[in-house]
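Structure first, commentary second.
What you see is a predicted model, and the numbers here were worked out from it, not measured in a lab. Nothing fancy with the numbering, it's 1 onward along the sequence.
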Amino acid sequence: MMDERAFTQSVTRSRDKLFRIAYAILHNEQDCADALQEALLRAWANVGKLREERYFDTWLVRILINECKRLCAARRRHPVAPADAGPPPEDPELGDALKALDEKYRLPIVLHYLEGYSLEEIAWLLRIPAGTVKSRMYAGRRALKAMLEEG
């Protein structure tokens, strides 16, 4: 079983990636921080259920995605005033285009191109078939291209 030190080291190595994934879903720094904190609490509480430490990263990302979706659902039930715009992307035009994409297209693209996950890992993380991941990435890339060519 993973001890506290190993857990902390693994989380520290993944911190920036986890934030980017949360931001791809939530678009708000404070919501990202909240989702990340809750995901880490849930992960620590359930770390004993993790069968193999080598899968810690994808296991934690799955917990984070679930927490982000829970937060989105809560936000729909109880809307709040818009908050900050988040961190400035390296390419503002691409950042705006990514934000405009529907989450079902944006999330696989972020997980693959920005975070380096394979199609199979993304399928597992999102709990959808690999073929669906491919088609969503294809549709998302086409939509991004169209938006970037317009602007």
Side-chain angles (χ1 to χ4, degrees), residues 1-2 6-7 9-79 86-87 89-151:
M1 186 172 123
M2 181 179 264
F7 180 88
Q9 288 174 340
S10 295
V11 167
T12 301
R13 280 192 306 270
S14 300
R15 186 185 56 220
D16 291 343
K17 171 176 45 177
L18 293 169
F19 184 85
R20 287 188 302 266
I21 291 168
Y23 193 80
I25 299 169
L26 299 169
H27 305 297
N28 176 293
E29 284 190 42
Q30 185 58 50
D31 286 347
C32 291
D34 292 346
L36 190 52
Q37 180 176 357
E38 188 61 33
L40 292 175
L41 288 171
R42 288 177 194 265
W44 178 247
N46 292 293
V47 74
K49 296 178 183 177
L50 180 62
R51 291 188 190 108
E52 294 186 47
E53 282 187 36
R54 65 184 173 141
Y55 296 119
F56 178 80
D57 187 58
T58 52
W59 177 74
L60 182 57
V61 170
R62 178 72 239 160
I63 293 170
L64 177 64
I65 289 170
N66 287 339
E67 186 55 33
C68 289
K69 290 185 179 215
R70 188 199 62 74
L71 199 60
C72 283
R75 193 189 301 151
R76 282 191 293 275
R77 285 191 303 276
H78 306 288
E90 290 182 25
D91 180 347
E93 190 177 0
L94 178 59
D96 290 343
L98 272 170
K99 281 183 192 176
L101 269 184
D102 187 290
E103 180 184 315
K104 73 180 187 178
Y105 303 118
R106 180 178 60 250
L107 195 51
I109 287 173
V110 168
L111 289 170
H112 184 70
Y113 292 108
L114 299 180
E115 304 308 331
Y117 285 98
S118 70
L119 296 177
E120 293 77 22
E121 289 171 322
I122 295 168
W124 183 84
L125 288 168
L126 301 180
R127 297 187 177 157
I128 58 176
T132 303
V133 172
K134 288 180 185 178
S135 65
R136 288 183 181 179
M137 287 178 60
Y138 177 77
R141 285 191 307 264
R142 286 181 54 116
L144 279 174
K145 182 179 179 189
M147 283 187 257
L148 293 171
E149 286 175 350
E150 283 178 9

* Enter the distance from Lys69:NZ to Leu126:CG here, rounded to the nearest 0.5 Å. => 6.0 Å
* **Gln37 atom CD: more than 12 heavy-atom contacts under 6.0 Å** => no
* Which value, rounded to the nearest 0.5 Å, describes the distance between Asn28 atom CG and Leu71 atom CG? -> 8.5 Å
* To do: Applying side-chain contact (heavy atoms from CB on, under 4.5 Å) between Leu40 and each of Ile63, Leu64, Leu60, report the one that passes.
  => Leu60
* To do: Assess whether atom CZ of Phe56 is packed by more than 12 heavy atoms of other residues, nucleotides or ligands within 6.0 Å.
  => yes
* Would you say Val61 and Glu121 make side-chain contact, with heavy atoms under 4.5 Å? -> no
* Would you say Arg141 has more than 12 foreign heavy atoms packed within less than 6.0 Å of its CZ? -> yes
* Which is it for Met147 and Leu101 under the side chain to side chain contact (heavy atoms under 4.5 Å, CB included) test, yes or no, and what are the steps along the way? -> CA-CA 9 Å; Met147 283 187 257; Leu101 269 184; 3.7 Å; yes
* Asked: Can you list the steps and then say if Asp57 with Tyr117 is a side chain to side chain contact (heavy atoms under 4.5 Å, CB included)?
  -> CA-CA 11 Å; Asp57 187 58; Tyr117 285 98; 2.8 Å; yes
* Closest approach of Cys72 to Ile25 (non-hydrogen atoms, all atoms of both residues) -> SG-CG2, 3.9 Å
* To do: Measure the spacing between CG of Leu98 and CD1 of Ile109 and express it to the nearest 0.5 Å.
  => 6.5 Å
* Distance in Å, Thr132 OG1 paired with Met137 CE, rounded so as to fall on 0.5 Å steps -> 13.0 Å
* Shortest non-hydrogen contact from Val133 toward Pro108 -> CG1-CB, 4.4 Å
* Structure fact -> Separation between CD1 (Ile128) and CD1 (Ile122), nearest 0.5 Å, reads 8.5 Å
* To do: Before giving the answer on side chain to side chain contact (heavy atoms under 4.5 Å, CB included), spell out for Trp59 and Glu52 the whole-Å C-alpha distance, their side-chain angles and the decisive distance to 0.1 Å.
  => CA-CA 10 Å; Trp59 177 74; Glu52 294 186 47; over 6 Å; no
* To do: Considering non-hydrogen atoms only, spot the tightest contact between Gly140 and Tyr105 and give its length.
  => CA-CB, 3.8 Å
* Asked: Do Arg13 and Ser10 get their side chains close enough for a donor-acceptor pair, meaning under 3.5 Å?
  -> yes
* To do: Measure across Arg136 and Lys104 and return the closest heavy-atom pair with its distance rounded to 0.1 Å.
  => CD-O, 3.3 Å
* Asked: Under the side chain to side chain contact (heavy atoms under 4.5 Å, CB included) criterion, do Arg20 and Asp16 qualify, and how do the steps go?
  -> CA-CA 6 Å; Arg20 287 188 302 266; Asp16 291 343; 3.6 Å; yes
* To do: State, to 0.1 Å, how close Phe19 and Glu29 come at their nearest heavy-atom pair, and which atoms those are.
  => CZ-CG, 3.8 Å
